[in-house]
Amino acid sequence: MNSKKAELFKVGEVYNRMSDIHNKYDGQQQGGISTPAEFPYIFIFTGTTGGDYGYRDGYDNEGVFNYTGEGQIGDMKMTKGNLAIRDHQKNRKEIYLFEKFLSGYRFVGLCNYIDNRIEKLKDRNGELRDAIVFRLDIVNAQNIDTAQNLHANIVEAPKSTYCTKPSKARSLQQLREIALSSTPTQASTQEKIQSIQNRSTAIKLYAKKRANGICEGCNETAPFETKSGPYLEVHHLTRLADGGADLPQNVIALCPICHRKAHYSLDHLEFNNQLINKVASIEADLNE
Ligand SMILES: [Zn+2]
C-alpha cells in the first residue's frame, strides 16, 4: 500500500489554489468553501487579515479556531458549503484548511467541526446580517494516519491524555503527548474545548521546558527569573492569525530580543527560517 497516497498536502507548505487544488480535485474555484463532488474532501480558505466583508476568522478567547461560513449578501443559510462543514463527520468528508499566504495558500491542517453559532456581521453591502461562525478543531498532522487509501484517518488520543491538565511539573514527554493529542469526535463540546486549551498550554510549557532557561534563538541565559522560572517567550514559527499548529517543531522559546527580532526585524523572514532549522535539529537530537 502506498502510504503517501492520502497525504494530499503538507502542513506549512504553500499551494497554488488553481493548479494544486482545483485542477486535481475540482470543486468551486471561488469563495471560501469548496466541495469537490468526486472526492471526500472539503477545502476551506481563510484570509490572513480577516475583516473583509465582516469575516472574522481566527482564534477566539478560548483558543479555538473560528471560521465564518459562506454567503456574501444577506443572512447565511445552513446549506451547501456551510452544511458540508457541519455534517462532514456524518458524511465522512475531511476538512482541509488553507490560509492566504503571499500569492498562494498555506495548508494549515485537517479540521474537525465542533459547533457553530450565529453572529451579527456585516455583509458585502455593509448590512448587518446573520453570519454562521463555525468552531473548528485543527488536528495535528502527526495524528493523521496516512497509510489509508482515500481517508486520512485521524488517530484519536485516549481520554487519559486529552483530559490531562498540563503543568510545569510534567515531563517533557508528557507535555509532548498532551500537545499532540487529538480529541475524539464523539467527545462532548466542553471536552473538546478543554482539550484544545490543554494542548495550547502544553506546547508552551513544552517549549520552555525544552529550552531549560536558555534562549533557543541566541543561546543566552534567560534575562531574568520569574516566580515560575526563567523568563522566555514562546514563538510559533508558522502562524495562523495568532496561533499556529501546536507541534514541537513549530514552537521555540526565545528571549524578548530574539522574539522581537522574529517579528519586527528587516530580516525577520530569514531569521524565522534559521529558527525553523534550529528547532528541527534540537528536536532531532531529542528524538535520537
Ligand atoms: Zn535570544
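This structure is a prediction, so every number in the text was calculated from the model and none was measured. Note that these values count all heavy atoms, side chains included, but never hydrogens, waters or copies made by symmetry.
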Using a strict cut-off of less than 4.0 Å between a Lys/Arg side-chain nitrogen and an Asp/Glu carboxylate oxygen, indicate whether [X] and [Y] qualify as a salt bridge.
X	Y	value
Lys100	Asp57	no
Glu233	Arg260	no
Lys80	Glu70	no

Are the side chains of [Y] and [X] in contact, using a 4.5 Å heavy-atom criterion?
X	Y	result
Tyr206	Leu172	yes
Thr46	Val108	no
Val14	Leu102	no
His88	Asn112	yes
Leu97	Phe65	yes
Leu8	Tyr25	yes
Lys209	Gln174	no

Legend entry - Residues in side chain to side chain contact (heavy atoms under 4.5 Å, CB included) contact with Asn212, at least two apart in sequence or another chain: none
Legend entry - Atom of Ala262, atom of Leu254 and distance for their closest heavy-atom approach: CB-CD1, 4.5 Å
Inset, instruction - For ring pair (Phe, Tyr, Trp, His ring centres under 6.0 Å), just list the numbers for Tyr105 and Tyr15, CA-CA rounded to whole Å, side-chain angles, deciding distance to a tenth of an Å, and then say yes or no. - result: CA-CA 5 Å; Tyr105 282 92; Tyr15 295 92; over 10 Å; no
Legend entry - Identified salt bridge (charged side-chain N to carboxylate O under 4.0 Å, His left out) partner of Asp130 from the options Arg117, Lys120, Lys77: Lys120
Mind checking whether [X] and [Y] have parallel, tilted or perpendicular rings, split at 30° and 60°?
X	Y	answer
Phe45	His22	tilted
Phe9	Phe107	tilted
His263	His235	perpendicular

Inset, instruction - Give the intermediate values and the outcome of side chain to side chain donor-acceptor pair (under 3.5 Å) for residues Ser34 and Gln29. - result: CA-CA 7 Å; Ser34 185; Gln29 296 163 15; over 6 Å; no
Inset, instruction - Could you check Thr68 against Met76 for side chain to side chain contact (heavy atoms under 4.5 Å, CB included), going step by step and ending with a plain yes or no? - result: CA-CA 10 Å; Thr68 312; Met76 288 187 186; 3.7 Å; yes
Inset, instruction - For atom OH of Tyr264, decide whether the heavy atoms of other residues, nucleotides or ligands shown that lie under 6.0 angstrom number more than 12. - result: no
Inset, instruction - Evaluate whether atom CD1 of Ile257 has more than 12 neighbouring non-hydrogen atoms of other residues, nucleotides or ligands under 6.0 angstrom away. - result: no
Legend entry - side-chain hydrogen bond (donor to acceptor under 3.5 Å, both in side chains) involving Arg170 - partner list, sequence neighbours excluded: none
Inset, instruction - Could you tell me whether the side chain of Asn16 and the main chain of Ser19 form a donor-acceptor pair under 3.5 Å? - result: yes
Inset, instruction - Start with the C-alpha distance between Glu220 and Cys255, add both sets of side-chain angles, then the distance that settles side chain to side chain contact (heavy atoms under 4.5 Å, CB included), and finish with yes or no. - result: CA-CA 8 Å; Glu220 295 288 333; Cys255 70; 5.9 Å; no
Legend entry - Ile118 vs Ile132, side chain to side chain contact (heavy atoms under 4.5 Å, CB included): CA-CA, chis, key distance, verdict: CA-CA 5 Å; Ile118 301 294; Ile132 300 170; 3.8 Å; yes
Inset, instruction - Supply the atom-to-atom distance Glu94 CD to Phe39 CZ, rounded to the nearest 0.5 angstrom. - result: 12.5 Å
Inset, instruction - To the nearest 0.5 Å, tell me how far Glu177 CD sits from Arg199 CZ. - result: 14.5 Å
Legend entry - Single-linkage hydrophobic cluster Ile203~Leu232, side-chain heavy atoms < 4.5 angstrom: no
Inset, instruction - Could you walk me through whether Ile282 and Ile252 pass the side chain to side chain contact (heavy atoms under 4.5 Å, CB included) test, one step at a time? - result: CA-CA 10 Å; Ile282 292 171; Ile252 188 163; 5.7 Å; no
